[in-house]
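In what follows, every chain begins at residue 1, and chains take the letters A, B, ... in the order their sequences are listed.
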Amino acid sequence: MAVMTYIDAINAALHEEMERDPNVFVIGEDVAKMGGAFKATKGLLEKFGNERVIDSPLAEGVIISSSIGAAMAGMRPVPEIQFVDFITPGIDAITQQAAKLRYRSAGTQTCPITVRVCYGGGVGGGLYHSQSNTSWFIHCPGLVVVAPSTPYDAKGLLKAAIRNDDPIMFFEHKKLYRSIKEEVPQEDYTVPLLKAAVRRKGTDLTAISYGYTLQLTLQAAEEVKKKHGAEIEVIDLRTLSPLDTDTFLESVAKTNRAVVVHEDNRTLGIGAEVAAVIAEQAFDCLDAPILRVTAPDVPLLPAAAELEHFCTVSVEKIVTAIERTLDH
Amino acid sequence: MAVMTYIDAINAALHEEMERDPNVFVIGEDVAKMGGAFKATKGLLEKFGNERVIDSPLAEGVIISSSIGAAMAGMRPVPEIQFVDFITPGIDAITQQAAKLRYRSAGTQTCPITVRVCYGGGVGGGLYHSQSNTSWFIHCPGLVVVAPSTPYDAKGLLKAAIRNDDPIMFFEHKKLYRSIKEEVPQEDYTVPLLKAAVRRKGTDLTAISYGYTLQLTLQAAEEVKKKHGAEIEVIDLRTLSPLDTDTFLESVAKTNRAVVVHEDNRTLGIGAEVAAVIAEQAFDCLDAPILRVTAPDVPLLPAAAELEHFCTVSVEKIVTAIERTLDH
Amino acid sequence: MATAAQYTETLPREGSQQLDPEVLRRLYTYMLKCRIVEERIRVLYRQGRFAGNYFAAVGQEATEVGTTIDLLPEDTVAPSHRNFVTNIMKGTPLTLLFAHIYGRETSPDQGRSAPAHCGYAPLNVITPSSTIAAQQNIGTGIALAYKMQRKPNVVVALTGEGATSLGFWHEAVNFAAVHKLPIIFVIENNGYAESVPVSLQSAVEDLSSKAAGYGIPGVTVDGNDVVAVYTAMREAIDRARSGGGATLLECKTYRWYGHSEIDPAKYRDPAEVEYWKSRDPIPAMEHYLTARNLWSDQWKKELTAEINREIDEAIAFAENSPKPKADEALDHVYSFSIRERELKRKVWSPRSQRGSSWR
Amino acid sequence: MATAAQYTETLPREGSQQLDPEVLRRLYTYMLKCRIVEERIRVLYRQGRFAGNYFAAVGQEATEVGTTIDLLPEDTVAPSHRNFVTNIMKGTPLTLLFAHIYGRETSPDQGRSAPAHCGYAPLNVITPSSTIAAQQNIGTGIALAYKMQRKPNVVVALTGEGATSLGFWHEAVNFAAVHKLPIIFVIENNGYAESVPVSLQSAVEDLSSKAAGYGIPGVTVDGNDVVAVYTAMREAIDRARSGGGATLLECKTYRWYGHSEIDPAKYRDPAEVEYWKSRDPIPAMEHYLTARNLWSDQWKKELTAEINREIDEAIAFAENSPKPKADEALDHVYSFSIRERELKRKVWSPRSQRGSSWR
Ligand SMILES: Cc1ncc(C[n+]2csc(CCOP(=O)(O)OP(=O)(O)O)c2C)c(N)n1
Ligand SMILES: Cc1ncc(C[n+]2csc(CCOP(=O)(O)OP(=O)(O)O)c2C)c(N)n1
Ligand SMILES: [Mg+2]
Ligand SMILES: [Mg+2]
């Protein structure tokens with residue numbers, strides 16, 4: 001075991017997987033010589049050479065589509081998209097090619113790729129370095145969408161993703177990269193895909209989140225306990241698509257109240273799906289409206305600190321929503 | 001008044017708007033000499049010439065981005081995307097440029113464009129001529145997303161869209177183009193954007209839909225009335241973003257039951273947002289779970305008739321969901 | 001679009017190398033087969049015997065055949081919507097091709113993809129999507145893998161001239177050039193992208209002139225001259241196989257019919273169509289072979305009969321094949337099954353925590 | 001990347017035409033101003049006086065100035081992330097530029113866009129997004145409008161060499177070529193896209209060679225020779241203004257510092273950096289002007305003092321400007337307000353149909 005940051009955990013997973021399987025390779029802007037914009041791929045070029053660690057041209061479309069092809073031919077590409085804000089040139093390759101290849105060929109042609117994407121706001125990045133955009137991919141069958149919220153999960157889920165046979169969108173939150181540390185095994189392990197985690201046990205309300213706001217949700221739970229004695233169960237979705245609905249439905253069946261938290265825009269953020277599933281499959285268990293704590297429906301995030309702060313989910317906003325739900 | 005198909009109504013709106021305002025122009029693949037893949041732009045080249053009716057190169061990115069620029073310089077472009085399945089090369093221009101231009105310039109630079117897009121399944125088009133993809137744009141603040149379901153609305157909403165100052169995604173359902181007819185004024189009129197319509201009055205359940213499935217929902221309502229005497233209120237969303245939540249919330253407050261119907265994939269289709277809004281803002285009015293009648297989460301639509309049919313929303317499926325909700 | 005004057009009217013001209021008689025006869029045989037197969041598909045479509053649509057390459061056989069014949073099974077073909085027949089050169093059985101056209105369970109994709117979109121994994125034909133240039137760009141990745149794996153294989157990627165306007169096309173050609181990948185980018189310039197003439201796609205006459213901007217060889221050939229196409233292609237393939245990297249090959253040709261079976265193609269001048277029909281690559285090749293004593297009417301009759309017999313059998317196979325079962329629509333979305341998720345949703349109730357199930 | 005030998009070491013060389021002394025002095029003045037402004041911005045950043053990041057074009061002034069000076073107010077500049085200073089040539093007041101850097105209410109975008117992304121509507125500078133080539137492609141649409149409106153205006157679109165790998169770049173150049181639009185595509189080739197050398201972006205040495213594939217003129221000039229850049233640009237602008245269509249102009253230059261203020265740029269050879277610093281376009285222009293009796297130390301001192309005074313005032317203006325109010329984040333999303341929707345959600349209850357409101 002070693003105390004690791006989230007970015008260390010990602011880096012370790014890449015080193016280990018590239019050692020384990022010679023078919024694994026990395027491609028993206030600045031991933032080789034510079035070791036990645038956030039240093040996620042640090043040391044890979046030195047260890048594995050420039051055939052397996054490729055500084056691509058500035059073209060997200062070809063980063064993804066060449067990965068798809070290489071995967072069809074037996075490789076295990078791990079392309080990196082520097083910021084999800086720049087994933088648009090690669091959206092066709094992801095949603096129309098990777099996501100549908102298995103289906104359109106009835107399973108005879110497949111592309112196991114793990115697209116690592118940096119996302120998320122709250123670091124003053126402005127309108128083009130703060131986006132989430134997970135919804136575009138959650139709404140696309142054929143893709144697995146993963147978004148770890150802890151260093152332990154980051155390593156274990158990335159390894160599981162690379163070994164999985166589906167095209168996977170792997171969302172790494174830039175604010176998590178260096179803000180939290182935890183014990184992470186230096187040995188090989190995986191964390192199962194498609195499974196949510198109960199991060200905090202509770203009986204009075206189920207709070208559902210992922211990524212950076214999961215950390216805020218946990219803090220909010222503690223604060224609500226301090227203020228009101230209520231016990232909030234906190235669920236980390238981990239895989240955003242296909243959703244592990246059982247874990248949160250079971251929790252809501254017990255607590256009878258739910259709040260969903262995410263930093264992306266409100267409309268058709270993942271919170272909409274979670275709320276809709278609860279309203280459909282656990283309606284009779286519910287004692288209160290399902291509130292969503294999210295960014296407003298404006299472009300995310302404006303640069304000036306005052307504006308950014310206004311749009312950003314905070315512990316306080318989560319506490320307020322929990323209180324309102326408990327009071328209902 | 002004249003009896004018109006949906007495509008006639010679109011065509012009439014384009015002719016009238018181009019006559020009214022010399023800044024309106026049309027650009028897209030095959031829109032000029034061929035008059036559009038579905039003949040929506042028929043007759044425009046002959047009347048307005050090839051400066052205002054432009055057969056673009058095969059590049060959705062430049063269709064949209066050149067429209068954005070032209071709009072900034074005072075024009076009123078009405079670009080056409082032949083099939084929404086091929087909108088991916090233009091997604092950056094739509095979501096990162098058009099949607100955010102007003103915001104990032106604090107209103108000093110704007111781009112009034114109306115992107116006409118053909119969408120929808122059920123005509124044997126297979127995996128790449130059947131998609132909806134409205135969710136990508138609904139989830140993007142700064143865009144207005146419109147999807148008329150009748151010839152009357154098609155003409156009135158298209159005219160309103162062209163005159164509006166926001167970038168608008170205007171979704172036209174290919175199966176509606178020639179399948180329904182109604183009386184449409186030959187004079188100038190507009191239908192207000194951002195307003196849903198109550199298509200059928202009822203007291204027992206609120207069914208919410210748009211586009212082609214609105215027609216199926218109306219049929220289902222009649223069938224439920226015949227079978228059970230129940231009166232279903234049917235709401236046509238018309239504008240998918242920003243959503244007119246008041247109209248359906250007010251209805252649910254009266255009927256206490258809701259079913260949402262759309263042909264797009266279930267996960268993060270517009271039904272998720274509608275259900276989430278109801279579960280949040282009208283929870284106390286609800287007597288039953290909110291059911292969604294949608295396509296399953298598979299790539300839409302497989303080509304073989306049997307497979308296509310399995311994935312397609314039908315009157316029967318809507319009736320079943322309404323019955324289950326009424327029975328709860 | 002290319003003007004008449006650019007071509008000598010007698011076809012094919014001699015290639016840069018003398019070709020083996022067997023190769024010449026094979027080129028002819030495959031052109032004939034492609035023609036007969038596609039004309040039959042068009043008849044079936046008009047008879048309403050299959051649904052969807054079809055994009056015939058009739059008239060373009062010299063390019064279809066010259067670029068994809070004589071590849072190794074391990075080589076990849078990356079077809080566009082108009083390259084259904086490249087499957088024939090690759091060796092995909094006609095039975096499967098017609099099962100595919102008919103959307104049957106026995107099709108390589110079990111009825112999922114549209115009629116013109118047929119791939120075949122065992123022989124490395126990529127199952128197409130509709131997005132223009134998509135298979136080409138995936139093919140670039142396959143070429144990258146071949147290079148990494150030190151395999152002597154190549155990728156042949158086909159697009160129309162319309163595709164060159166799309167950014168994706170450019171991204172792949174550039175990437176392949178930078179990494180010297182074993183891929184040949186074939187531009188099948190048939191003068192139109194649906195209704196849009198090439199003059200509205202590009203301000204240059206020869207699209208191979210784009211190659212200079214990428215630092216790869218670029219060649220334009222008469223795409224109705226199967227010997228010219230084949231010869232240029234062999235050179236490009238040899239270069240790719242031996243580590244010399246990518247080539248851009250433009251073949252100027254023409255499609256006889258509409259963009260698809262539902263397109264009357266009124267945007268073209270009938271005289272233009274007639275001119276190109278007079279340049280039909282098949283009788284041209286017949287003349288060429290005859291001059292070399294490699295062709296006879298009798299041989300053509302035999303070939304035709306044999307091809308028709310194979311087609312009849314394939315159609316019978318297709319028509320006797322089962323249709324897909326409706327709920328198979330839920331299969332092959334992921335490596336794991338989503339049937340349970342889609343067919344039975346659990347409902348939680350205050351009474352029974354894991355209550356009833358429903359669809 | 002270009003090698004040393006390609007350039008004569010004394011700069012600038014004589015342009016293709018003799019330039020007016022006033023033009024020469026103006027070119028110099030603006031280079032100096034750009035340099036001083038950006039070095040000051042860098043100091044402010046290191047002092048933590050503004051947040052976000054900045055992409056300095058220090059070292060590239062000959063290209064920045066030579067391509068965007070002497071435009072008409074109605075002409076459009078389409079800047080990328082590294083072209084903040086083009087605002088100076090366009091005439092955007094420094095007060096607004098610094099208010100922008102500081103993210104204040106008085107900025108043209110009222111604090112919304114990142115520091116390097118400053119546009120100015122009254123003088124037709126497009127407010128940038130980050131997406132590479134985005135403003136260029138929007139600029140192509142503006143050029144289309146100019147043509148439709150029979151206006152004698154032009155668009156100058158600037159990107160780095162990295163941008164040429166992206167499909168969007170290609171789509172716009174091709175479209176502009178087909179429609180003979182009044183736009184100049186400037187490739188500011190500074191050798192690197194973040195850490196990636198141009199050799200991994202492109203297999204060709206001179207990126208202007210891509211022009212041939214689009215059917216437009218392509219020119220490569222020494223981007224550190226302001227006279228050469230200006231001269232080539234005048235020719236391109238004249239062509240565009242007179243209906244002659246688009247030009248591709250590559251300017252080979254170098255950025256002195258990292259990609260952004262947080263990039264130590266360890267991926268570059270220090271000797272390479274030193275070499276390019278020795279080719280600093282500003283002292284080179286001083287030599288050139290001196291030889292023509294157009295420069296003196298005294299004049300430079302006066303200019304510098306004047307520029308610094310203007311900067312000091314602009315910074316004071318910025319620092320005294322109010323910060324945006326938090327809930328203004330809800331403004332300018334649409335032409336209509338979303339404040340009510342976002343600030344008060346109505347709640348329906350069985351008792352009161354249009355009940356209480358809450359956030
Ligand atoms: C990205 C994209 N845009 C639009 C289409 C619709 N479409 C299908 S084929 C075609 C024309 C293709 O022309 P070309 O590349 O010349 O090939 P050809 O049909 O002539 O063989 C178009 C516009 C598409 N499939 N993909
Ligand atoms: C589509 C897209 N992908 C990635 C990025 C991240 N990015 C910002 S600047 C840059 C490098 C640009 O290089 P170049 O075009 O040479 O311009 P330079 O920075 O050298 O001026 C990259 C990769 C982006 N902004 N947009
Ligand atoms: Mg074509
Ligand atoms: Mg650069």
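Between B:His262 and B:Val313 there is no side-chain heavy-atom pair separated by less than 4.5 Å. No side-chain heavy atom of C:Ile132 sits less than 4.5 Å from a side-chain heavy atom of B:Phe86.
Looking at C:Ile338, only its side chain comes within 4.5 Å of chain B, counting heavy atoms on both sides. Heavy-atom distances place no part of C:Tyr102 under 4.5 Å from chain B, backbone and side chain included. Contacts between C:Asp327 and chain B at a heavy-atom distance below 4.5 Å involve backbone atoms as well as side-chain atoms. There is no contact between C:Ala265 and chain B, counting heavy-atom distances below 4.5 Å. There is no contact between B:Glu308 and chain C, counting heavy-atom distances below 4.5 Å. With a 4.5 Å cut-off on non-hydrogen atoms, B:Thr320 does not touch chain C at all. Within the 4.5 angstrom heavy-atom criterion, only backbone atoms of C:Lys325 (N, CA, C, O) approach chain B.
C:Asn87 contributes a side-chain N or O that, together with a main-chain N or O of C:Cys118, makes up a donor-acceptor pair within less than 3.5 Å. In terms of modelled atom types and a separation under 3.5 Å, the side chain of B:Asn50 and the main chain of B:Ala32 share no donor-acceptor contact. Side chain of C:Arg82 to backbone of C:Ser260: no donor-acceptor contact under 3.5 angstrom is found. The main-chain N or O of C:Glu319 is found under 3.5 Å from a side-chain atom of C:Arg104 such that the two form a donor-acceptor pair.
For chain C, the option among B:Ala303, B:Ala37, B:Pro302 with the highest count of heavy-atom pairs below 4.5 Å is B:Ala303. Looking only at heavy-atom pairs under 4.5 Å with chain C, the residue among B:Pro89, B:Ser56, B:Pro289 that has the most is B:Pro89. If you tally non-hydrogen atom pairs under 4.5 Å between each of C:Gly111, C:Ser130, C:Gly103, C:Ser165 and chain B, the highest count goes to C:Ser130. Of the residues considered (B:Val62, B:Val298, B:Leu301), B:Val298 shows the highest number of contacts with chain C, using heavy-atom pairs under 4.5 Å.
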Inset, instruction - Start with the C-alpha distance between C:Gln201 and C:Glu161, add both sets of side-chain angles, then the distance that settles side chain to side chain donor-acceptor pair (under 3.5 Å), and finish with yes or no. - result: CA-CA 8 Å; C:Gln201 299 288 347; C:Glu161 83 295 341; 5.6 Å; no
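The six-membered or imidazole ring of B:Phe38 lies near that of B:Phe83, with a centre-to-centre distance under 6.0 Å.
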